[in-house]
Number of protein chains: 2
Amino acid sequence: MNPHVREPDEGAAESPGEATTSPLPPAPAEPAVLTARPTVKTVAALAGVSTTTVSRVLNYKADLLSDATKARVFEAARELNYKPNSMAIALRKKVSQTIGLMIPDISNPYFHQIARGAEDTAMKHGYTVIFCNTDRSASKELTYVDLLDEKRVDGVILTGGGVDGDTHLADRLHEQARVVAIGPHRLSYPSIGADDRGAIQAAVLHLVAGGRRRIACLGGQPGWLIHQERLAGYRAGLEESGITYDESLVMPSDLSIDGGQQAVESALRAGLSFDAIMSFSDYAALGAMRALKEAGLTIPDQVAIMGCDDSPLSQMVEPALSSITFPVWEFGSLATQMIVDMLNGRPVPASQVLPYQLRIRQSTAALRVLPS
Amino acid sequence: MNPHVREPDEGAAESPGEATTSPLPPAPAEPAVLTARPTVKTVAALAGVSTTTVSRVLNYKADLLSDATKARVFEAARELNYKPNSMAIALRKKVSQTIGLMIPDISNPYFHQIARGAEDTAMKHGYTVIFCNTDRSASKELTYVDLLDEKRVDGVILTGGGVDGDTHLADRLHEQARVVAIGPHRLSYPSIGADDRGAIQAAVLHLVAGGRRRIACLGGQPGWLIHQERLAGYRAGLEESGITYDESLVMPSDLSIDGGQQAVESALRAGLSFDAIMSFSDYAALGAMRALKEAGLTIPDQVAIMGCDDSPLSQMVEPALSSITFPVWEFGSLATQMIVDMLNGRPVPASQVLPYQLRIRQSTAALRVLPS
DNA sequence: TTGTAGGCGTTATCAT
DNA sequence: ATGATAACGCCTACAA
């Protein structure tokens with residue numbers, strides 16, 4: 001019925017907690033008659049001026065207004081608790097002060113950090129943001145794009161799209177709205193992101209420095225651009241270390257916890273051996289850790305493991321998971337800022353790369369050289 | 001500068017990853033002239049009918065329209081890629097098909113599950129939701145309420161508000177918009193939530209059944225209604241077990257990871273002793289686990305610990321954290337459903353209580369009775 | 001079966 | 001310094 005509810009742990013449930021609902025007093029029905037909202041007209045009448053004047057006063061237009069009038073208008077507006085109708089304004093001015101944010105899933109720490117960054121910054125500039133959870137489904141994406149278009153959003157931030165053939169959004173948008181993409185993609189919009197390739201490469205070098213030679217790769221789906229980007233970094237890291245790339249060591253997954261666990265389990269079953277895992281997500285890495293532990297492998301002694309994206313979880317598990325951190329809040333914030341800039345006719349760079357940082361924790365501790 | 005960026009772990013940073021930005025080709029400037037959007041008028045012209053007809057066809061009004069006309073209009077709309085202007089519609093119909101969601105912080109799993117529930121359900125009914133991250137700040141709440149009011153939202157979902165004096169929102173809203181609250185609050189809106197008191201009480205009983213007698217409480221701020229509710233459950237659980245309530249065992253915190261850690265650290269420094277901790281949030285519990293481990297206390301042997309809200313982290317730490325799970329997605333979904341119902345004049349219950357479930361894991365394993 | 005006209009709440013243009 | 005008026009894009013009586 002609902003895809004977002006976690007399955008209960010095996011046999012862990014207990015005490016179903018008091019029953020359900022309780023239909024108390026059958027609702028306050030229709031709240032009588034709603035007092036009509038005040039409009040410029042109402043305010044004008046009360047202040048004894050024209051609507052034009054009200055509009056001018058409330059919008060701080062030119063100070064060619066008598067102080068007395070200003071005062072009267074403000075007073076009337078206050079008294080009536082007048083709030084301008086943003087939709088009428090949008091209709092008239094042809095800008096909605098609204099930005100759409102397309103996101104695979106707000107439940108993912110990576111993305112809700114982006115969301116916060118976007119929301120905070122949008123708010124600062126007087127913009128409202130509409131969140132669209134696409135679940136990486138092309139049809140949902142299309143539906144949302146149409147919705148955003150009907151809402152006449154001034155701009156759209158694309159996120160996590162980046163699939164081989166993600167051109168389905170290309171013509172639907174643009175024209176009117178300003179678009180910015182976060183992360184790798186195939187569209188011709190300005191973009192912002194990190195050096196994914198370099199980050200993974202650096203991480204691999206770190207593993208090698210710790211004495212690892214057979215480094216497996218726990219990746220995403222081959223079609224995802226972000227996967228391709230990171231895989232390139234993985235290969236570059238190996239090459240730089242003089243290690244031959246072995247395709248059988250690359251395990252695809254959906255980068256979820258369970259996905260990571262399954263991938264590693266089946267790799268182990270298949271008899272694969274490795275002394276390190278380079279994962280393209282913390283979640284998958286966590287799942288991998290589970291699989292390793294269950295297989296009796298010790299971390300980091302027998303297998304080192306490196307995550308990516310630095311989720312809050314990584315510091316809580318044991319051993320603490322090494323990871324790569326990206327300025328995710330800034331991704332969202334900057335994307336919003338760029339849209340605002342474009343809207344104001346200011347030039348924006350076609351692409352921006354923000355710095356990453358390796359976070360070295362215990363899961364990738366160097367191999368101790370045994371006395372022999 | 002930005003409050004959402006985690007501090008780097010102590011001395012864990014390394015390799016600052018390529019520098020920053022890269023101002024490439026200086027942006028595609030202004031995208032030439034934007035082709036004007038088609039309107040009903042445009043479509044009507046192309047189809048050779050009146051705007052009325054267009055409107056009727058596109059809104060599937062009565063089938064008293066000739067098939068030929070319908071076809072022509074649809075064709076014209078398709079050809080022009082016509083999308084109705086939702087703001088003009090909202091202005092005319094006086095409904096915005098929009099719902100506001102006030103939430104303390106979307107980063108918290110508890111709340112983003114609510115957000116997903118709300119968003120999914122709103123979308124299903126053709127509504128759009130506007131997220132408002134209040135950070136539990138009264139001033140932000142007020143700002144957002146005004147914003148939502150100007151956006152003429154049809155409904156508002158209040159969340160995590162519940163503070164002693166949260167009546168500041170009371171008069172600002174209502175009148176026009178339908179309001180539903182999730183969780184305890186002091187306002188006269190329909191509400192939905194769980195039996196927080198009963199849940200904590202059951203959890204305490206579980207701890208007692210495991211042989212614990214000195215059960216500390218890791219709570220939130222005294223002013224939060226949710227805290228008061230849960231504290232009552234804590235006391236009820238003790239009382240039912242014949243254990244005297246000891247106020248010194250109640251540790252207030254902000255329920256964050258760090259907050260929980262600090263609270264427990266200072267409790268231990270103060271010489272407090274206990275054989276169990278009942279925490280009002282998983283995050284705080286996680287912090288507490290850290291503090292306990294650093295103090296050399298073993299979990300669950302020396303101290304059992306129980307969380308609340310069942311965040312995804314709880315299953316990943318060691319030992320796995322026992323917790324209480326609430327149907328959070330449903331909270332958001334149901335709240336939205338209620339608003340939609342109210343909007344359609346359907347009656348809704350004044351209050352609804354959804355079931356909780358205890359998730360027993362290793363962190364609250366029963367004390368082994370040592371052979372003596 | 002289809003068209004005409006007025007108005008939702010605001011702002012911008014042009015007068016005064 | 002202030003007002004009358006038109007128009008933004010759409011829907012909906014009311015006509016025909």
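The structure displayed is predicted, hence computed values, not measured ones. Lettering follows sequence order; numbering is per chain, from 1.
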- Could you tell me whether the side chain of A:Arg152 has a donor or acceptor atom within less than 3.5 Å of a complementary atom in the base of D:dG9? no
- Task: Answer yes or no: does a side-chain N or O of A:Thr53 lie under 4.0 Å from OP1 or OP2 of D:dG3?
- Result: yes
- Task: Using whole Å, report how far CZ of B:Arg37 lies from C1' of D:dC10.
- Result: 15 Å
- Within the pair A:Thr69 and D:dT2, is there a side-chain N or O less than 4.0 Å away from OP1 or OP2? yes
- Message: Does a side-chain N or O of A:Lys94 approach OP1 or OP2 of D:dA7 to a distance below 4.0 Å, or not?
- Response: no
- If you check every side-chain atom of A:Thr51, which of C:dG9, D:dC10, D:dT5 has the closest atom? D:dT5
- Query: Can you check whether B:Ser50 has a side-chain N or O nearer than 4.0 Å to OP1 or OP2 of C:dG3?
  - Reply: yes
- Any B:Tyr82 side-chain nitrogen or oxygen under 4.0 Å from OP1 or OP2 of D:dC10: yes
- Task: Kindly say whether, by distance alone, the side chain of B:Thr52 makes a donor-acceptor pair under 3.5 Å with the base of C:dT4?
- Result: yes
- Query: Going by modelled atom types, is there a donor-acceptor pair between the base of D:dG9 and the side chain of A:Arg92 at under 3.5 Å?
  - Reply: no
- Please give, in whole Å, the distance from C:dC8 P to B:Leu91 CG? 9 Å
- Please check the phosphate of D:dC8 (OP1 and OP2 only) for any side-chain N or O of B:Asn85 closer than 4.0 Å. no
- Query: Atom CE of B:Met87 and atom C1' of C:dC8: how far apart are they, to the nearest Å?
  - Reply: 14 Å
- With respect to the phosphate group of C:dA12, does any side-chain polar atom (N or O) of A:Ser55 fall under 4.0 Å of OP1 or OP2? no
- Given atom CD1 of A:Ile89 and atom P of D:dA7, what is their separation to the nearest angstrom? 21 Å
